[in-house]
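Remarks on the structure that follows.
The chains referred to below are lettered A, B, ... by the order of the sequence lines, with proteins before strands, and numbering in each begins at 1. These numbers come from the heavy atoms of this one structure, side chains and all, not from hydrogens, waters or symmetry mates.
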Amino acid sequence: MMQPDAKTQLEIYRRMSLLVTNDERSRQVIKAGRLVMPYYSYRGQEVIPATLMTLLNDDDYLCTIYRGIHDMLAKGMPLKKLWAEIAGRVDGTCKGKGGPMHLTYPSRGIMVTTGIVGSTMPIANGLAWGAQLEGKGQVSIATFGDGASNIGAFHESLNMAAVWKLPVVFVCQNNLYGEHTRYERSTSAARIADRGIAYDMPGVRVDGNDPFAMYAAAKEAVDRARRGGGPTLLECMTYRFHGHVFGDADAYMDKAEKQAAIQADPFPRYRADLIARNIATEAELDAIDAKFAAEIDEAVEFALKSPFPEQNELITDVYGELA
Amino acid sequence: MSEGAGTIGKEAKLEKNNVIQAVNRALTDAMEADDRVLILGEDVADPEEGGIAGITKGLSTRFGERRVRSTPISEQAIVGAAIGASLIGWKPVAEIMLMNFTTVAMDMIVNHAAKLRYMSGGQTNVPIVIRTMTGSGFSSGGQHSDYFEAWFAHTAGMKVVAPSNPADAYGMMREAIDDPDPVLFIENLPSYWVQGPAAEKGHRVPIGKANVSMAGTDVTIVSYSRVLNEVLAAQAMMAEAGVSAEIVDLRTIAPWDQQAVLKSVRKTGRCLVVHEAVKPFGVGAEIAAVVQKELFGLLKAPVERLGAPLASVPFSRPLEEAFAPRAQEIARTAILMVKGG
Ligand SMILES: Cc1ncc(C[n+]2csc(CCOP(=O)(O)OP(=O)(O)O)c2C)c(N)n1
Ligand SMILES: [Mg+2]
């Protein structure tokens, strides 16, 4: 197994720390009534983008979903731009017009965030097609949930990507639920990864909460795409700690399973592991955590002070100007 | 055409062509002018004969299968691939074989192509063309002949065009490809082979500009796509009855040329809108609403609309023939508007 070097291990930690802290703060801010928005917490799923995105460059492309702020932050979206956007303010990435489900930030390759289940994949293919034509070795990532693997667009996209040998990685974050519906009650295949077989594509199931396993699987897939070896379907096993949408009462979830998942939270485990293996000292990791906490606080205050967009924004950006 | 040896290498001047040839020429010229223009769709490459009507014939041979790609029968994946490539500067022309098949790709078209510019606050845009064909009269029955332009015209962010003749088809395709937003380009299947004057190479027809096909004084008839030709036929019948029609070929449905329509109706005082799509909630309803609001005091008769009845396109020949508005009915309606009942 390809293990990340010490520097990358720390880089993975840095991203996990950012994501965990940002999720915590998001829930606090919403709970306190300072922000009104639908919030699809990614808490529990941080390892997936924290590892994957260390393998990507700014000009690699990402299409992500409503439960995707972890993907974006790990890909390099600036905190102030993110927070201003989810607050609907003019300093947001999209001038407040996209909101938490439609963040876009092309300078870091964050091309599409969609609220439609299954719709990252067809567009990620197009980005991959463009990259293939460009010939510079860029790759395109589509992230999506387990539920999305039952949508037609998933199947159309995997087939096309395989036929066209596109430089794309399909990253399924299998958190065992689609809204309130349990995986087995909606999905015929025991493993989504096995659906790769139908499209003559490597399908890999990986423990998406294990940073080293996740890193190795992601590296193989990204490398394959980069060298023109075609697409990969990655099924990353994970769990969401806070239900479908913030405020969700979770009655449909297995209490014991949820408790066990939270007990096994990969973040403190990874932190302890880094210290035990002398990759970093506790003080060094504390400093990383503190730095992000301060940056996030600053971003929240910045966002809430940023003005709302002018009324004329309501009707701008519908069409562009003719050249 | 008698051209000497001195003209070798120069394009022989085409006098007439049909829409198939016009669109093929427009795509060829656009791909030649800009190597970011791409084509994708079912059967579009030459191993698949350039599509069921041969519209894209020759293009993959000339420009390579990297730029002209036959796709699986996967409409969401086709439009999605076009969207993705367009986000990073390519200019894809995606073919959705028949307009009824756009239904399978509605999420990609409506939720993504049309909205990404707005939702991203103008950071991204989707400069794609979706070519599609449709129309009754081809014995195809209920799932292969519908005009759904009103759905797309009702979607913020979409542009919708429907040329009625080969020269406009050429000029509008060139503009659609260079347009910064998604353009749905509607071709009429039954009239594909009708000859008309050929456009000069590089001819452009701006999106959003109507054309007065025929000047007149008594009634304005607004139409587009194949039915425009029924309107032209009706005009002759009306002339015999002493009624002078001004015919406005809308060409672009969204955004439609209000100025041109209002200017004409201001002159004639009467307005009839004719389209093949079913009448209720159609494009005619929008035009009628605007015309009556803007020119209420000036109108000499209520704005009239003609369109298909609220029905699926039938198979049986006499029923299919009765589906879309015909010249006779158009003439009768317009004459009645002018002369009264
Ligand atoms: C096409 C479509 N159908 C239904 C929904 C409503 N919906 C939003 S999220 C969701 C569950 C998706 O589950 P999954 O793909 O596993 O992703 P997760 O939310 O677990 O990350 C559903 C059904 C939607 N947004 N889009
Ligand atoms: Mg899920």
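- Proximity to chain B (any heavy atom under 4.5 Å) is restricted, for A:Thr316, to the backbone atoms N, CA, C and O.
- Contacts between A:Gln132 and chain B at a heavy-atom distance below 4.5 Å involve backbone atoms as well as side-chain atoms.
- For the set A:Thr104, A:Thr113, A:Ile123, the count of heavy-atom pairs under 4.5 angstrom toward chain B peaks at A:Ile123.
- The local environment of CD in B:Glu200 is sparse, with at most 12 non-hydrogen atoms from other residues, nucleotides or ligands closer than 6.0 Å.
- Of all heavy-atom pairs spanning A:Pro122 and B:Ala77, the tightest one is CB-CA, 4.2 Å.
- With a threshold of 4.5 angstrom between heavy atoms, A:Leu314 approaches chain B through its backbone and through its side chain.
- A:Asp200 CG: 12 or fewer foreign heavy atoms inside a 6.0 Å radius.
- Residue contact with chain B, scored on non-hydrogen atoms closer than 4.5 Å, involves the side chain of A:Tyr61 exclusively.
- For B:Leu87, the parts sitting under 4.5 Å from any heavy atom of chain A are the backbone and the side chain alike.
- Within a 6.0 Å sphere centred on CD of B:Gln143, other residues, nucleotides and ligands contribute 12 heavy atoms or fewer.
- The minimum heavy-atom distance linking A:Lys95 with B:Gly121 is given by the pair CE-O, 3.1 Å.
- Listed here is the closest heavy atom pair of A:Met160 and B:Ala81: SD-CB, 4.2 Å.
- Across A:Asn125, A:Thr93, A:Leu103, A:Ile116, the residue that shares the most heavy-atom pairs under 4.5 angstrom with chain B is A:Ile116.
- Judged by distance alone, the side chain of B:Tyr118 and the main-chain N or O of A:Tyr319 form no donor-acceptor pair under 3.5 Å.
- Considering CE of A:Met111 and OG1 of B:Thr124, their distance stands at 6.5 Å, rounded to 0.5 Å.
- Contact of A:Ala131 with chain B is made through the backbone alone, with heavy-atom distances under 4.5 Å.
- B:His112 NE2 to A:Thr120 OG1: the interatomic distance, rounded to the nearest 0.5 Å, is 8.5 Å.
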Item to check | Derivation and outcome, side-chain contact (heavy atoms from CB on, under 4.5 Å), residues B:Gln123 and A:Cys94 | outcome: CA-CA 7 Å; B:Gln123 295 179 96; A:Cys94 313; 3.7 Å; yes
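- Between chain A and the residues B:Ile83, B:Asp107, B:Val104, the most heavy-atom pairs under 4.5 angstrom are made by B:Asp107.
- Here the CG-CZ distance, from A:Leu133 to B:Arg69, works out to 7.0 Å after rounding to the nearest 0.5 Å.
- Remark: the backbone N or O of B:Ser120 is not paired with any side-chain donor or acceptor of A:Asp317 at under 3.5 angstrom.
- The number of heavy atoms from other shown groups lying within 6.0 Å of CD (B:Gln259) does not exceed 12.
- Side-chain contact between A:Thr114 and B:Asn111 is absent, with no heavy atoms from C-beta onward closer than 4.5 Å.
- If you tally non-hydrogen atom pairs under 4.5 Å between each of B:Ile73, B:Thr71, B:Asn125 and chain A, the highest count goes to B:Thr71.
- Among A:Glu156, A:His155, A:Met121, the single residue meeting the side chain to side chain contact (heavy atoms under 4.5 Å, CB included) criterion with B:Gln76 is A:Glu156.
- Taking both residues in full, the closest heavy atoms of A:Gly320 and B:Asp181 are given as N-OD2, 2.8 Å, listed atom of the first, atom of the second, then distance.
- Within a 6.0 Å sphere centred on CD of B:Glu49, other residues, nucleotides and ligands contribute 12 heavy atoms or fewer.
- Taking CH2 from A:Trp129 and CZ from B:Arg66, the interatomic distance works out to 10.5 Å, rounded to the nearest 0.5 Å.
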